[in-house]
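A short worksheet on the structure shown next.
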Amino acid sequence: MLTTRFVDGAPNWIDVGTPDIDGAQSFYGGLFGWRFQSAGPDAGGYGFFQLDGRTVAGGMQTGPDQGPPAWTVYFQSADAQATAKAAEQAHGSVLFQPMDVMGQGHMAVLADQAGVPFGIWQPGQTKGVDAANEPGALCWVELYTPDIAAAAAFYHQVLALETSAVPFPGGTYTCVNPGGAEEDAMFGGMVPLADDPTEAESGPYWLPYFEVEDTDAVVEKAQQLGGTVRMPATTMEGVGRMAKLADPYGVRFAVIKSEPPQG
């Protein structure tokens, strides 16, 4: 599961690019109770979504030249430059070159072999988000990709991630964890685009999941706030009750009330 005891290869940051940061504040504030705090006059409009004073995500207003509105998932790297080079060698690309972020760390935005954007965060003063795997915070990430084997090979080469097949009702699920980590360090999965009609038309991407206390209530609230339901609340035995949503600007994300671990 995701924790704030970050290790290389695991998600340690997430942010949203939106055409309307004020509107995003209203939506996510109403949905999760987040409050937006500017990072200051030198940050280019970037700021932090906070829950009870702890940072759970970042966000900024973006224009059409910066790509479509979207959540970007960042993975921890000990060396952003080396990771960017590895991505190119693995037939990915560098969308934004590694750069220092005011001494807080180094970031880059890369794309995998299928063109899916993702971020890299090399920690400095800022290690990552302050909360994970609790209501209102990131708890899981899922890659929708046309080729599981190619994606697994890419992320293994670039981030040393490992995959494993886990049986579930109706088939198997490809789980992802940091290299050399125990099973409880799993933080996400990979899903074939062709297997999910809600995703097949929109193309490959990383989907973030946020933990919630009541999935059905959050789905209803999202609609009231101008969001849309991409997959209605659905219960998966042994996993939890989840739903796929989009904010008023088309930014895709999911919510889940996870079942407690068995044992």
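Being a predicted model, the structure only gives us computed values, none of them experimental.
Closest non-hydrogen pair, Ala39 versus Phe48, comes out as CB-CE1, 3.7 Å. Across all their heavy atoms, Pro146 and Ala114 have their closest contact at CD-CB, 4.1 Å. In terms of heavy-atom proximity, Val219 sits nearest to Ala243 at CG2-CB, 3.5 Å. Nearest heavy-atom pair across Ala24 and Thr18 is CB-CG2, 3.9 Å. Summarising the geometry of Gly17 relative to Val251, their closest heavy-atom pair is O-CG2, 4.2 Å, with the distance given to 0.1 Å. The shortest non-hydrogen separation linking Tyr46 to Phe36 is C-CZ, 4.3 Å.
Met60 and Tyr249 are members of different hydrophobic clusters when ILVMFWY side chains are connected at heavy-atom separations under 4.5 Å. Cluster annotation: Leu161 and Leu2 are assigned to the same hydrophobic cluster (Ile/Leu/Val/Met/Phe/Trp/Tyr, side-chain heavy-atom contacts under 4.5 Å, transitive). Both Ile256 and Met236 are assigned to one and the same hydrophobic cluster, defined by single-linkage of ILVMFWY side chains at heavy-atom distances under 4.5 Å. Under the 4.5 Å side-chain heavy-atom criterion for ILVMFWY residues, no single connected hydrophobic cluster contains both Phe75 and Val129. Neither Val56 nor Trp13 shares a network with the other; the hydrophobic side chains, linked directly or stepwise wherever heavy atoms of I, L, V, M, F, W or Y lie under 4.5 Å apart, form separate groups for each.
In this structure, Trp34 and Phe49 have tilted ring planes: the angle between them lies in the 30° to 60° band. The aromatic rings of Phe32 and Phe210 are tilted relative to each other, their planes meeting at an angle between 30° and 60°.
Thr72 places none of its side-chain heavy atoms less than 4.5 Å from the side chain of Pro117. In this structure, the side chains of Phe118 and Leu159 come closer than 4.5 Å at one or more pairs of heavy atoms. Side-chain contact between Pro98 and His106 is absent, with no heavy atoms from C-beta onward closer than 4.5 Å. Contact of the Glu142 side chain with the Tyr173 side chain is registered, since non-hydrogen atoms from C-beta on lie closer than 4.5 Å. A heavy-atom distance below 4.5 Å is not found between the side chains of Leu110 and Leu95. Taking 4.5 Å as the limit, some side-chain heavy atom of Gln113 sits within range of a side-chain heavy atom of Thr145. When side chains are defined from C-beta on, Thr3 does not count as touching Asn133, because their heavy atoms never get closer than 4.5 Å. Here the side chains of Met242 and Met231 are in contact, with some heavy-atom distance below 4.5 Å.
Put simply, CG on Asp147 and CZ on Phe154 are 13.0 Å apart, with the number rounded to the nearest 0.5 Å. From Lys127, atom NZ reaches atom CD of Gln104 across 10.0 Å, with rounding to the nearest 0.5 Å. Note that the OG1 atom of Thr55 and the CZ atom of Arg35 stand 14.0 Å from one another [nearest 0.5 Å]. Of the inter-residue distances, the one linking Glu162 atom CD with Met186 atom CE reads 10.0 Å to the nearest 0.5 angstrom. To the nearest 0.5 Å, atoms OG1 (Thr126) and CE (Met107) are separated by 12.5 Å. In this structure, OG on Ser38 lies 10.0 Å from CD1 on Ile21, to the nearest 0.5 angstrom.
With respect to the salt-bridge test (charged N to carboxylate O, under 4.0 angstrom), the residues Arg54 and Glu134 qualify.
Annotation: Glu213, atom CD; neighbour count of heavy atoms from other residues, nucleotides and ligands within 6.0 Å does not exceed 12. Counting heavy atoms of neighbouring residues, nucleotides and ligands inside a 6.0 Å radius, atom CZ of Arg241 exceeds 12 of them.
Remark: side-chain polar atoms of Glu259 are not paired, donor with acceptor, to backbone N or O of Glu237 under 3.5 angstrom. Put simply, the side chain of Gln76 never gets that close to the backbone of Asn12: no donor and acceptor are under 3.5 Å apart. A donor-acceptor distance shorter than 3.5 angstrom exists from the side chain of Gln66 to the backbone of Gly63, with no hydrogens or angles considered.
Paired with Leu143 under the rule side chain to side chain contact (heavy atoms under 4.5 Å, CB included), one option of Val116, Thr174, Val191 passes, and it is Val116. When each of Trp121, Tyr74, Trp71 is checked for a side chain to side chain donor-acceptor pair (under 3.5 Å) with Asp15, only Tyr74 meets the rule.
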Assess whether side-chain contact (heavy atoms from CB on, under 4.5 Å) is satisfied between Lys221 and Val218, documenting all intermediate values.
CA-CA 5 Å; Lys221 186 67 173 179; Val218 169; 5.5 Å; no
